[in-house]
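First comes the structure, then the notes that go with it.
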Protein chains: 2
Amino acid sequence: MPQEIPEVVIDRLPVYVRALAALERQGREVVNSQELGERLGVTPAQIRKDLSYFGRFGKQGRGYNVGRLLEELRQILGLTKEWPMVLVGVGQLGRAIVAYGGFVPQGFRIVEAFDVDAKIVGATVDGLTVKSLDSLPQVVKRRKVEIAIVAVPAATAQDVIDMLVGAGVKAILNYAPIAAHAPASVQIKDIDPVLSLQSMTFYVNNAGGKT
Amino acid sequence: MPQEIPEVVIDRLPVYVRALAALERQGREVVNSQELGERLGVTPAQIRKDLSYFGRFGKQGRGYNVGRLLEELRQILGLTKEWPMVLVGVGQLGRAIVAYGGFVPQGFRIVEAFDVDAKIVGATVDGLTVKSLDSLPQVVKRRKVEIAIVAVPAATAQDVIDMLVGAGVKAILNYAPIAAHAPASVQIKDIDPVLSLQSMTFYVNNAGGKT
DNA sequence: GTATGTGAACCACTTCACAGCA
DNA sequence: TGCTGTGAAGTGGTTCACATAC
């Protein structure tokens, strides 16, 4: 149904969700675009325009009901359900990802972990038994997993991604430092701290700020 | 000196650097914008336009000399030197960051680690002795550190960032899930896998791809 | 002949500014 | 009166297309 919504808008919604959740925990009932914008470093107009793609959630003269808007955005983003995920690559990085406590509270849970390395397969990591990569397609299908996390070395990452796409995965969080290729029907987001550092050094070197 | 260069352009340069480095390892001497674009999922015009902000690095009818262009871009980004960094927050996430092997080969090295927790201060993590947060300003100044990594809980992240800014740090890689505030003269890049997941679920839920 | 470098055209996102509703 | 929702205007980035250089 939503078709011409800019991707940047979708990328901002989770940020709004987080801010609203914080406000709700503080017991706030109402917030306006002005205040929300200040907290997030975004203009009020931006927020109102973003929300207008999806409906009318505010009340003129008042602002937005925090709980209501939060619920609406969660619904829009699909955050009202639990998302099972598979992890591919159980090396040092993969283990850190499994141990990371930030996913589960937001409804994202790694339910299976895979690796090619025979020395790792069969081991238990944080309660997960590492499976052979060969079994990935069947497991993905059986457990109806739509999201995967890739934490393998750059050299094998594209192959792994191809395999995941073939298995029917619809979204991939990629920690491998490569420019991954996938059909447009599959979402890919890269997590790449080195790229972030390498672009920041430009500004540090050419001091004076980004403007 | 460079002043009207879009930030998105700067963000793409490290991607070009990585591709060029890979080509160089393969022994390639020349590459054109067409091929580079295909590898990176970027249009050839984009690449040529991006590079044109900084100079004329190509030869008509031929393309770009891989080694030459790589060297130029490294120079532009400031990647020809070593960048010492400090880490704040030596919990589970912080330890994983220290252990991460992707920084050092690119010239980024964590030289000091800090924490508030008295139980952690004094401990040795991967060869680093964890220092008290109180000593951060002096250490940053003495060692002339310009880049910091923040891996503390959300609740204390803004305070830590303020402290880093006060100490003179010029770039911050922020792993805390907050919308951080800092003066425009200080670069901030966020690493936030949860936000990435939360926006991808939108497209998974509304299947049919991003177009 | 071939691929760069670049002004111009195009497109997408952001911000403005105000009508309209609570 | 106050703040949303939104067309219209503005801004910034991408793509085109071709003159230019090898």
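Hydrogens, waters and symmetry mates are skipped; everything else that's a heavy atom, side chains included, is used. Residue numbers start from 1 in every chain, and the chains themselves are labelled A, B, ... in the order their sequence lines are given, proteins ahead of strands.
Checked for salt-bridge contact, A:Arg18 and B:Asp192 meet the test: a charged N lies under 4.0 Å from a carboxylate O.
By the 4.5 Å heavy-atom criterion applied to side chains, B:Met85 and B:Ile110 are counted as neighbours. With a 4.5 Å cut-off on side-chain heavy atoms, B:Pro44 and B:Ile47 do not count as touching.
Residue A:Pro6 has its side chain nearest to C:dC13 when only C:dC13, C:dA22, D:dG13 are considered. Side chain of A:Gln46, nearest nucleotide from D:dT4, C:dT15, D:dG5: C:dT15. Side-chain proximity of B:Thr43 to the nucleotides D:dC22, D:dG13, D:dT15 is greatest for D:dT15. Listed candidates were C:dT14, C:dG5, D:dT14. Nearest to the side chain of B:Ser52 is C:dG5.
D:dT14 atom C1' lies 17 Å from atom CD of B:Glu7, rounded to whole Å. In this entry the distance linking CG of A:Asp11 with C1' of C:dT14 reads 16 Å, nearest Å. In this structure, the CD atom of A:Glu4 is 18 Å from the C1' atom of C:dT14, given to the nearest Å. Remark: P of C:dA3 and CG of B:Asn32 are 6 Å apart, rounded to the nearest angstrom. C:dG5 atom C1' lies 10 Å from atom CG of B:Leu51, rounded to whole Å. A:Glu38 places its CD atom 12 Å from the P atom of D:dC3, with the value rounded to the nearest Å. Rounding to whole angstrom units, CD of residue B:Gln60 and C1' of C:dT4 are separated by 4 Å. Atom pair A:Asn65:CG and D:dT4:P shows a separation of 13 Å (rounding to whole Å applied).
Contact annotation: B:Arg12 side-chain N/O to D:dT14 OP1/OP2 distance is under 4.0 Å. OP1 and OP2 of C:dA3 both lie 4.0 Å or more from every side-chain N or O belonging to B:Gln34. OP1 or OP2 of D:dG5 sits under 4.0 Å from a side-chain N or O of A:Tyr64. For D:dC3, the OP1/OP2 oxygens have no side-chain nitrogen or oxygen of A:Ser33 closer than 4.0 Å.
When each of B:Val9 and B:Gly61 is assigned the nucleotide of DNA chain D bearing its nearest heavy atom, the one mapping closer to the 5' terminus is B:Val9. Checking B:Gly55 against A:Lys49, the closest nucleotide of DNA chain C that is more toward the 5' end is the one next to B:Gly55.
When heavy atoms are screened at a 4.0 angstrom cut-off, A:Arg48 is found touching base atoms of the nucleic acid.
For C:dG5, its base never sits under 3.5 Å from the side chain of B:Arg56 at any donor and acceptor pair.
Aromatic ring orientation, B:Phe54 versus A:Phe202: perpendicular (interplanar angle above 60°, classes split at 30° and 60°).
The closest donor-acceptor contact from the side chain of B:Arg28 to the backbone of B:Val30 lies under 3.5 Å.
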